[in-house]
Novice: 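Let me give you the structure first, and then I'll get to my questions.
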Amino acid sequence: MMCRVGLLLLCSLLAACQTPAAVQDMSTLTAKFAAQMDTAVSGYVTALNANNASDIARLQDELADAARVAATNADDVLVWHLDASPRAANVNRLLNAVTSTSVTDATPLIGHAPGAAIAATRESAKITFDDTPLKTIGTVAGGIAKPKTLSDQIAIISTYAQTVQSDVKSATPSTPSK
Amino acid sequence: MIARVDVRHRGMRYMRFSASGRLLSLIIFQALLAPLQGCASFYLHDAATQKQTDSAKSALDTFKPDAIFVAEASYLDGLQSTETAVVTQDYAATRDHDVLLALNGTGPGGLDGLTTLKGRIDGYLLSLLGATDTQCNRKFWRAIDIDPTMIWGQTATLHSFVEQTLQHEIDRINSSCRRSAFPPLLPESPSTSLLAAENAVMADLTHIESLQKSAKAAQQTLDTSLTDIKTKLSAGKSSGSELNEDLKRLQSALSDANPLIRKYASAKLSAEVGATIDALGSTGTTPQAGPTTAERSGIAVMQGIFKVGDAFASPPREPHPNALAAAQSWLDYIGSQASTELQNTQMQLKDHQAQFAAVLTEIYYLSKAGEEMQKIAPPAEALLGTEGLADLINAKDESNTRAIDGTLLYYAAAWTRGFALDAIASRIGYLDQRRAKLATGRTAVAAWVGSLKPAVETLASYGSGGFDPQIVARLIQALSLTGVAVGVNK
């Protein structure tokens with residue numbers, strides 16, 4: 001009788017150390033979901049950074065082209081500025097008028113891009129993504145989803161038994177001192 | 001005989017434990033059989049597992065993917081300023097180059113400045129409109145001197161202006177004025193013609209009008225379906241198969257290509273599920289009097305769309321509160337994505353309208369420049385490639401100087417306020433598309449986190465739960481005391 005009870009007790013404890021099937025299923029899905037999310041967000045951030053880096057290169061090229069044309073313009077303008085004839089005075093007046101009626105360009109006919117634009121094209125915005133939390137979640141969920149081995153179960157029973165023993169000891173009323 | 005004695009003997013021993021012993025055995029067996037029978041709620045508490053699940057929960061609390069989207073949104077705002085500055089610089093340099101070519105000529109053996117400018121103005125107008133007015137008394141600038149906001153809001157007014165009023169003017173100029181000797185010249189700006197710019201706006205307007213029209217019809221159908229569900233459920237005789245068609249209609253509306261329909265359907269269904277959550281939450285369970293029609297229709301929605309719960313069972317089988325909350329969160333996500341798509345459509349229209357206005361401005365100033373150019377006195381001798389408008393400026397003839405000033409200032413304005421703004425609007429349109437994708441990604445990631453949260457919290461509950469050792473200790477103590485009591489009473 002006692003042997004049978006003992007065997008049943010052992011089987012029960014081993015079974016009770018095993019993660020319930022529903023929790024295992026959910027953990028599997030959670031681990032998979034966390035991994036998928038990690039891959040998707042990491043890929044997304046990589047693509048964002050690549051795209052942002054290409055912005056900088058594109059704008060630098062465009063700015064370099066504009067600077068080349070503006071430099072040629074500046075040479076021509078300089079010739080007119082050096083000319084002291086009445087005709088040159090009219091041309092310079094006209095060129096100044098073109099500049100003053102321009103709405104948004106800060107430095108036309110000079111050959112230099114605005115400092116802010118140049119500075120902005122030198123900055124590379126790096127977006128970062130810390131996937132440690134997702135990896136932690138994935139690892140924990142993956143661990144719970146994995147069926148426990150016999151040694152795992154025995155370790156849990158052992159810890160559990162020790163805790164019970166300690167709790168029983170602490171709950172036992174002490175003998176009053178004489 | 002011996003066997004019978006043994007049996008009897010064992011039976012007598014069993015009989016000796018009869019009262020408390022059998023009860024104790026029963027309790028132990030019940031407790032031990034529970035996990036073997038697969039009772040999911042009975043498992044041993046494991047401190048190590050709790051530590052892990054707690055760490056997963058803490059990890060989720062520190063997971064802030066929104067920072068990615070905040071950083072990128074800020075980057076795009078900065079990029080817009082940079083793009084504007086760079087485009088302005090680029091177009092200003094090209095404009096100034098053209099102005100200097102007009103003043104100086106293109107160089108030895110090339111075209112003189114006046115011919116170069118005529119070729120530019122005629123060439124751009126020919127590309128943008130298919131006609132030029134530089135040799136005509138009729139002028140395009142008079143025909144397009146209007147507020148574009150008055151015509152670009154509806155397909156009918158836009159069509160009427162571009163393809164009737166303006167086309168009529170083009171036809172009249174082409175039939176009554178001298179044709180240009182210069183070939184069409186494609187502008188460097190993104191809009192190659194007024195018709196192309198108009199088509200972009202027209203396509204957006206047609207799309208929006210079509211969405212609104214089809215959504216109106218679909219909304220009526222969805223309302224009818226929901227009313228049908230409620231009517232049939234309130235009659236209390238309906239079965240799942242009777243509501244299948246209505247439920248299928250609601251489900252397909254959630255994946256409709258039209259964002260207005262998706263938004264409407266998700267809001268309606270979310271309200272139904274919300275009403276069920278409120279109704280079930282207020283009592284904890286369906287009242288004994290039976291569920292209301294609102295609750296049952298919410299359950300029917302859950303059953304039809306998410307395959308959870310049963311509105312037709314008696315009493316109805318309620319979905320788990322987590323399932324209801326997850327379903328509502330998913331419906332809200334569909335609604336947010338649809339809203340983002342609608343905002344993107346509106347933003348695209350706004351960007352195309354800005355480009356359309358920029359093209360009208362180009363035409364206006366090119367036409368004005370052409371009009372002033374007609375006033376420039378022709379040179380006595382043909383100009384060389386090294387000569388231009390600067391050589392025609394005559395201090396003694398102010399009217400000629402004013403005509404040259406006017407021509408070049410209007411031509412410069414066509415660049416500054418037309419071509420450059422078309423390019424800037426096009427860049428902003430490109431950035432707006434990136435912003436729209438960013439908003440879609442942001443909503444999707446928020447929904448992912450929203451889905452991950454309940455799973456991690458469930459894992460944390462599992463980790464902190466289990467059969468507590470303290471409970472076992474108390475049970476053992478209680479059993480020991482029972483044993484002692486049995487001994488005493490024996």
Side-chain angles (χ1 to χ4, degrees), chain A residues 8-9 11-12 15-17 20-23 26-27 30 33-34 37 41 44-45 48 52 55 59 62-63 65-66 69-70 73 76 86-87 90-91 94 97-98 101-105 108-109 113-114 116-117 120-121 125 127 129 133-134 136-137 140-141 143-144 156 160 163-164 167-168 171, chain B residues 28 32 35-36 40 42-44 46-47 49 52-53 55-56 59-60 62-63 65 68 71-72 75 78-79 82-83 85-86 88-90 92-94 96-97 99-100 103-104 390 393 395 401 405 408-409 412-413 416-417 441 445 448 452 455-456 458-459 462 467 469-470 472-474 476-477:
Chain A
L8 266 173
L9 180 67
C11 290
S12 303
C17 292
V23 176
M26 197 198 64
S27 301
T30 305
F33 188 69
M37 192 172 171
V41 178
Y44 180 72
V45 169
L48 276 185
N52 293 351
D55 288 331
L59 289 171
E62 195 172 349
L63 211 50
D65 287 345
V69 177
N73 295 342
D76 290 347
R87 192 177 62 138
N90 268 314
V91 169
L94 179 58
V98 169
T101 54
S102 302
V103 178
T104 48
D105 52 320
L109 302 170
T121 57
I127 311 284
F129 169 56
L134 281 180
T136 306
I137 293 166
V140 170
I144 291 172
I156 291 172
Y160 191 81
T163 314
V164 171
D167 287 344
V168 169
Chain B
I28 292 171
L32 297 181
L36 290 178
F42 186 92
Y43 57 91
L44 293 185
D46 180 20
T49 304
Q52 285 179 345
T53 53
S55 74
L60 187 66
T62 61
F63 184 53
I68 296 167
E72 180 66 7
Y75 165 76
L79 182 63
T82 312
E83 291 270 6
V86 171
T88 303
Q89 189 66 22
D90 189 11
T94 313
D96 296 343
H97 184 67
V99 168
L100 287 164
L103 283 167
N104 300 335
I393 292 173
T401 304
D405 284 354
L408 286 179
L409 286 174
T416 310
R417 301 182 187 181
V445 169
W448 279 356
L452 194 59
V456 172
T458 309
L459 282 183
Y462 161 72
F467 211 68
Q470 284 191 336
V472 178
R474 281 200 291 273
I476 289 172
Q477 278 218 315

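Residue numbers begin at 1 in each chain, while the letters A, B, ... track the order of the sequences.
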Novice: State the CD-CG distance between E62(A) and D90(B), to the nearest 0.5 angstrom.
Specialist: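 These two atoms lie 4.5 Å from each other.
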
Novice: What pair of heavy atoms forms the shortest contact from P133(A) to A59(B), and how long is it?
Specialist: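 Distance-wise, the nearest heavy atoms are CB-O, 3.1 Å.
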
Novice: So which atom in W448(B) and which in F33(A) form the shortest heavy-atom distance, rounded to 0.1 Å?
Specialist: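 For W448(B) versus F33(A), the nearest heavy atoms are O-CE2, 3.4 Å.
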
Novice: Given E72(B) and Y44(A), is the side-chain contact (heavy atoms from CB on, under 4.5 Å) satisfied, shown in steps?
Specialist: CA-CA 11 Å; E72(B) 180 66 7; Y44(A) 180 72; 5.7 Å; no

Novice: Could you tell me which non-hydrogen atom of L63(A) sits nearest to which non-hydrogen atom of V86(B), and how far apart they are?
Specialist: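 Heavy atoms only, the tightest pair is CD1-CG2, 3.8 Å.
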
Novice: Between chain B and each of V45(A), V41(A), L134(A), count heavy-atom pairs under 4.5 Å; write down the option with the most.
Specialist: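 Sorted descending by pairs with chain B, the first entry is L134(A).
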
Novice: What distance do L94(A) atom CG and L408(B) atom CG have between them, rounded to the nearest 0.5 Å?
Specialist: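 Answer rounded to 0.5 Å: 5.0 Å.
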
Novice: So which atom in A93(B) and which in A70(A) form the shortest heavy-atom distance, rounded to 0.1 Å?
Specialist: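 So the two residues come closest at CB-N, 4.1 Å.
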
Novice: How long is the span from the CD1 atom in I144(A) to the CD atom in Q52(B), to the nearest 0.5 Å?
Specialist: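 Answer rounded to 0.5 Å: 6.5 Å.
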
Novice: To the closest 0.5 Å, what do you measure between CG (N73(A)) and CG (D96(B))?
Specialist: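 Separation between the atoms: 5.5 Å.
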
Novice: Can you name the nearest heavy-atom pair linking I137(A) to A56(B), along with the distance?
Specialist: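 Taking I137(A) first and A56(B) second, the nearest heavy atoms are CG1-O, 3.6 Å.
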
Novice: Do you know which of L60(B), V99(B), N104(B) has the most heavy-atom pairs with chain A at a distance under 4.5 angstrom?
Specialist: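 Of the options given, most contacts go to N104(B).
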
Novice: What are the two closest non-hydrogen atoms of T94(B) and V69(A), and how far apart are they?
Specialist: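 Smallest heavy-atom distance, with atoms named: N-CG1, 4.3 Å.
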
Novice: Starting at CG of D76(A), measure out to CG of L103(B) and round the result to the nearest 0.5 Å.
Specialist: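 Reported value, rounded in 0.5 Å steps: 9.5 Å.
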
Novice: Which one, T62(B), L79(B), T53(B), V445(B), leads in non-hydrogen pairs under 4.5 Å with chain A?
Specialist: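 Result: the option with the highest number of such pairs is L79(B).
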
Novice: Side chain, backbone, both or neither: which part of M26(A) has a heavy atom under 4.5 Å from chain B?
Specialist: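 Just the side chain, heavy atoms under 4.5 Å.
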
Novice: Below 4.5 Å from any heavy atom of chain A, which atoms of A413(B) appear? Answer side chain, backbone, both or neither.
Specialist: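 Contact with chain A: none, neither part.
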
Novice: Could you tell me the separation between the OH atom of Y75(B) and the CG atom of D55(A), rounded to the nearest 0.5 Å?
Specialist: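 Interatomic distance, Y75(B) OH to D55(A) CG, rounded to 0.5 Å: 3.5 Å.
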
